[in-house]
Enquirer: 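This is the structure I want to talk about, given as C-alpha cells.
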There are 2 protein chains.
Amino acid sequence: MLTEERQQLIRDQLAADGKVLAGELASRFGVSEDTVRRDLRELAKAGQLRRVYGGAVASAPFAAATISQRSGHAVEAKARLARAAVMLLEAGQSLFIDGGTTNEAIARAIPRDKELTVATNSLGVAAALADLPLVKLIVLGGRYLPDLGTCVGGDTLAAIAQLGADLFFLGSCGLDVSRGITAFDSAEAEVKRAMAQNSAGIVIAATSDKLATAAPYRVAGSDAIRHLVVEKTAPAAVLADFQRQGAEIHFA
Amino acid sequence: MLTEERQQLIRDQLAADGKVLAGELASRFGVSEDTVRRDLRELAKAGQLRRVYGGAVASAPFAAATISQRSGHAVEAKARLARAAVMLLEAGQSLFIDGGTTNEAIARAIPRDKELTVATNSLGVAAALADLPLVKLIVLGGRYLPDLGTCVGGDTLAAIAQLGADLFFLGSCGLDVSRGITAFDSAEAEVKRAMAQNSAGIVIAATSDKLATAAPYRVAGSDAIRHLVVEKTAPAAVLADFQRQGAEIHFA
DNA sequence: CCGTTTCTTGCATGATCGTGCAAAACATGC
DNA sequence: GCATGTTTTGCACGATCATGCAAGAAACGG
C-alpha cells in the first residue's frame, strides 16, 4: 500500500463521512496507528483536514457547517436514500437541488465521474459539489436563511427563471397526498415553486417521518411528483396513494 | 522486451488501476527494479504520471487545483492578517467580501458577537459566515469557478448593482503600485470592479508574496485602496509607495 | 484526582531511491 | 567481418524515506 494511496482514501472517506477515526483507519489499512497519525498530521498541515483527538474531521472550508448534520440520528437512512436517488441521474442532465439535509446527502453521493449541470440555492449542496470536476455548478444567490441553509428572495427567483432542469430534487418539505408538497417558509416555498415550474420532473427523497406530514406553505400537488425515493420501512398505504397520483416509487 | 513496450504497459496499468508498484512491475516484466524506476522517471518527466515512494500514481488530469485543495498554504500568516483585518470592522457595517483564501480566513476571524451585513460571491466565505447569528448574509450567486471558489457572471453583477457596502474586502489579486489591483480571470475582474464601484472603501489583506505582482485583468488603480493589511515582513519601499497613493497601512 | 487513551518525539530498521560505472546489446559505417 | 559509438541494462554505493516501537507528554473521562 502506497502512502499516497492511503492518504487519498483518507480524503475520500473524509469527503463522504466528514470524519475519520485513527484506530479504524489503522486496522482498515493494516498499518500501525502511528503511521495513520503521521498521515493525518501531513494532511492537516496541508489544510486538507482538521486534527482532533481520536481522528480527524473535514476542514475543507465549507464542510464544517455540515458536520453536525452528519452525526445526527438519521444519517444512515439518509445516506441510503441518497445512494438510491443518485441512481436516477444520467450523464449530461441539468438539475435543480434545493436545501435540506437529505439533499446534501444526495449531493455528497454524486460520483466524481458524473457529468452534470447543477443549480442550487443551498450552501451545503454547493459545498459538496464544489470539488467535483465534472459538475458545472450554478449558485442561486439571495438572502441566506440560516435555519434552512438556503438562499431565497427576488434575486433567487430571477436566476431560477432563466434556467431549466431535467430533474428537481426537492427537499425539506412536508409530504401528504391530499395537501401535496408543503414548505415551512413562505419565501422558501416561492423558490420551490419556481424551480418546479422550470423543471421537467420532481424527485423527492423522504425519510419515513416526512411521509403524511404537512407544513403551512403549499408548493405543488402530489401529482407533480415524478420520482419518490423512500425507505423500505415506509407505510405501503401511503406509498400506494402517491403511486396513484403518478409517482414512481424507489426503495433505498 | 522493448523499452517502449514496457512503458506502454505501465501507462495501461496506470489507466486501469490508478497506481503502479515498482517492485511488482519489475517482476512482471522480468527486469530489475532499476530499469522500472528509469521508466517511471521518464514517464514522470513527460507528465504522464506522478512518482511517489514505492511506485507511481496517475497524475491528476483535473490538475486545475480547486481552492479547497490549495487552502493549506501559509495558513499562519493568513490567520494573523485576518485578525488584524477584522479590527477594521465596526458593528452595523455592510461589507462586500470576495474570494481567496485570505478572505476566507478573515471571514472565519469575525467574532460571533459582531453585527454585520455581508454580501459575498465566495462559497468559502459564505460557509464561514453561515453560522454567525448576527451576520445577515447575502449570497451573490452565479456561475461557480472551482479554481477561485467564487461565483461570477451576469447574475452576480446584477445582484451587486442592487447593493452597497461600507467596506469591500478584495482578495485573490495581484498588487502593484503602477499597475494597480489586478485579477486572474476576466469575469472575476468584472465582479471585483462592480463591488468596488458600490462600496465606500476597499480593504486588501495581502501576504508579502502578493505585493509587487500583477495579473492580466485590471480592477482598479492603487489609489482606490483605503486599507492595506500586510505582514511585518513586507518590504517598506513598496508600502511607502502605496501609502503615497492614499492607503492606510496596518501591520498584522 | 487518577487511570486510560491518544498524541508527539526520537530512534532503529528495512525498503526504496538516485547516481556513477561497467557490461551487454544494438546500430552504424567501413 | 570488424571496429566504433550509442543505448540499454544491471549492480554497487550512499542517501532518503516510510514504518513501527518505546518513552514521555497531553488530553480525555470519570
Side-chain angles (χ1 to χ4, degrees), chain A residues 1-60 63-64 67-68 70-73 75, chain B residues 1-60 65 69 71-77 79 108:
Chain A
M1 156 109 28
L2 268 45
T3 307
E4 192 75 18
E5 196 185 352
R6 231 180 16 238
Q7 298 189 356
Q8 185 55 50
L9 290 171
I10 294 176
R11 273 191 288 264
D12 288 348
Q13 186 176 339
L14 213 54
D17 300 347
K19 64 160 196 210
V20 290
L21 300 172
E24 183 199 315
L25 290 174
S27 64
R28 194 171 118 215
F29 297 145
V31 298
S32 79
E33 292 197 18
D34 300 71
T35 303
V36 170
R37 272 194 275 272
R38 257 184 279 254
D39 288 337
L40 294 178
R41 226 179 306 165
E42 276 181 45
L43 291 169
K45 203 167 183 178
Q48 312 217 359
L49 51 79
R50 204 160 51 79
R51 197 76 174 75
V52 295
Y53 199 85
V57 295
S59 86
I67 290 264
S68 52
R70 291 190 223 185
S71 43
H73 56 299
V75 218
Chain B
M1 155 119 11
L2 273 53
T3 309
E4 269 302 315
E5 195 184 351
R6 241 184 3 244
Q7 298 192 355
Q8 185 54 50
L9 289 171
I10 293 176
R11 272 191 289 264
D12 289 347
Q13 186 176 340
L14 210 55
D17 300 348
K19 62 148 193 177
V20 290
L21 301 171
E24 184 204 318
L25 291 174
S27 65
R28 200 173 109 213
F29 297 149
V31 297
S32 79
E33 292 198 17
D34 300 70
T35 304
V36 170
R37 270 196 279 273
R38 261 184 277 254
D39 289 338
L40 294 178
R41 226 177 304 167
E42 277 181 46
L43 290 169
K45 203 167 183 177
Q48 312 215 4
L49 52 78
R50 201 161 51 81
R51 195 76 173 77
V52 297
Y53 196 85
V57 296
S59 62
Q69 290 157 352
S71 59
H73 190 56
V75 193
E76 255 317 309
R108 277 194 296 272

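Small disclaimer: the values here were computed from a predicted structure and weren't measured. Per chain, numbering begins at 1; letters A, B, ... match sequence-line order. Below, all heavy atoms of this structure are taken into account, side chains as well, without hydrogens, waters or symmetry copies.
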Enquirer: Just to confirm, is there a sub-4.0 Å distance from OP1 or OP2 of dC17(D) to any side-chain nitrogen or oxygen of Thr3(A)?
Expert: no
Enquirer: Within a strict 4.5 Å, meaning less than it, do heavy atoms of the Gln8(A) and Glu5(A) side chains meet?
Expert: no
Enquirer: Do Thr3(A) and Val52(B) have side-chain heavy atoms sitting under 4.5 Å apart?
Expert: no
Enquirer: Nearest whole angstrom, please: distance from the P of dA18(D) to the CG of Asp39(A).
Expert: 9 Å
Enquirer: Over how many whole Å does the gap from Leu2(B) atom CG to dT7(D) atom P extend?
Expert: 15 Å
Enquirer: If you count the non-hydrogen atoms of other residues, nucleotides and ligands that lie under 6.0 Å from CD in Glu4(B), is the total more than 12?
Expert: no
Enquirer: Hey, does the side chain of Arg41(A) come within less than 4.0 Å of dC7(C)'s phosphate (OP1/OP2), counting only N and O?
Expert: no
Enquirer: Could you state the interatomic distance from CG (Leu43(A)) to CD (Gln7(A)), rounded to the nearest 0.5 Å?
Expert: 4.5 Å
Enquirer: Provide, to the nearest angstrom, the distance between the CG atom belonging to Leu40(A) and the P atom belonging to dT19(D).
Expert: 13 Å
Enquirer: Please give, in whole Å, the distance from dT9(C) C1' to Glu33(A) CD?
Expert: 17 Å
Enquirer: Protein-nucleotides 27-30 of chain D N/O pairs closer than 3.5 Å?
Expert:
| unit_1 | atom_1 | unit_2 | atom_2 | d |
| --- | --- | --- | --- | --- |
| dA27(D) | N3 | Tyr53(A) | OH | 3.2 |

Enquirer: If you define the side chain from C-beta out and look only at heavy atoms, does anything of Val20(B) sit under 4.5 Å from Val36(B)?
Expert: no
Enquirer: Look at Arg6(A) and dT19(D) and indicate whether a side-chain polar atom (N or O) is within less than 4.0 Å of OP1 or OP2.
Expert: yes
Enquirer: Mind listing the N/O atom pairs, protein and nucleotides 22-24 of chain D, below 3.5 Å?
Expert:
| unit_1 | atom_1 | unit_2 | atom_2 | d |
| --- | --- | --- | --- | --- |
| dA22(D) | N6 | Asp34(A) | OD2 | 3.4 |

Enquirer: In whole angstrom, what separates Met1(A)'s CE from dC17(D)'s C1'?
Expert: 18 Å
Enquirer: Remember a base hit wins even if backbone is also touched, and classify Arg38(A) as base, sugar-phosphate or nothing at under 4.0 Å, heavy atoms.
Expert: base
Enquirer: Just how far is it from atom CZ of Arg28(B) to atom CG of Leu21(B), taken to the nearest 0.5 Å?
Expert: 11.0 Å
Enquirer: Can you measure Glu5(B) atom CD to dT7(D) atom C1' for me and round it to whole angstrom units?
Expert: 17 Å
Enquirer: Which part of the nucleic acid, if any, lies within reach of Val36(B) when heavy atoms closer than 4.0 Å are counted: base, sugar-phosphate only, or nothing?
Expert: nothing
Enquirer: With the side chain counted from C-beta on, respond yes when Gln13(A) and Leu25(A) share a heavy-atom pair under 4.5 Å apart, and no when they do not.
Expert: yes
Enquirer: Rounded to whole angstrom units, what separation is found between the CD atom of Glu4(A) and the P atom of dC17(C)?
Expert: 13 Å
Enquirer: Phosphate oxygens OP1/OP2 of dT8(C): is one of them under 4.0 Å from a side-chain N or O of Arg37(A)?
Expert: no
Enquirer: Below 4.0 angstrom from OP1 or OP2 of dC21(D), is there any side-chain N or O of Thr35(A)?
Expert: no
Enquirer: Atom CD of Glu42(A) to atom P of dT9(C): distance rounded to whole Å?
Expert: 13 Å
Enquirer: Atom CG of Leu49(A) and atom CD of Glu42(A): how far apart are they, to the nearest 0.5 Å?
Expert: 11.0 Å
Enquirer: Please tell me if the side chains of Thr35(B) and Arg6(B) come closer than 4.5 Å, counting only heavy atoms from C-beta onward.
Expert: yes
Enquirer: Report the distance from atom CE of Met1(A) to atom NZ of Lys19(B), rounding to the nearest 0.5 Å.
Expert: 6.5 Å
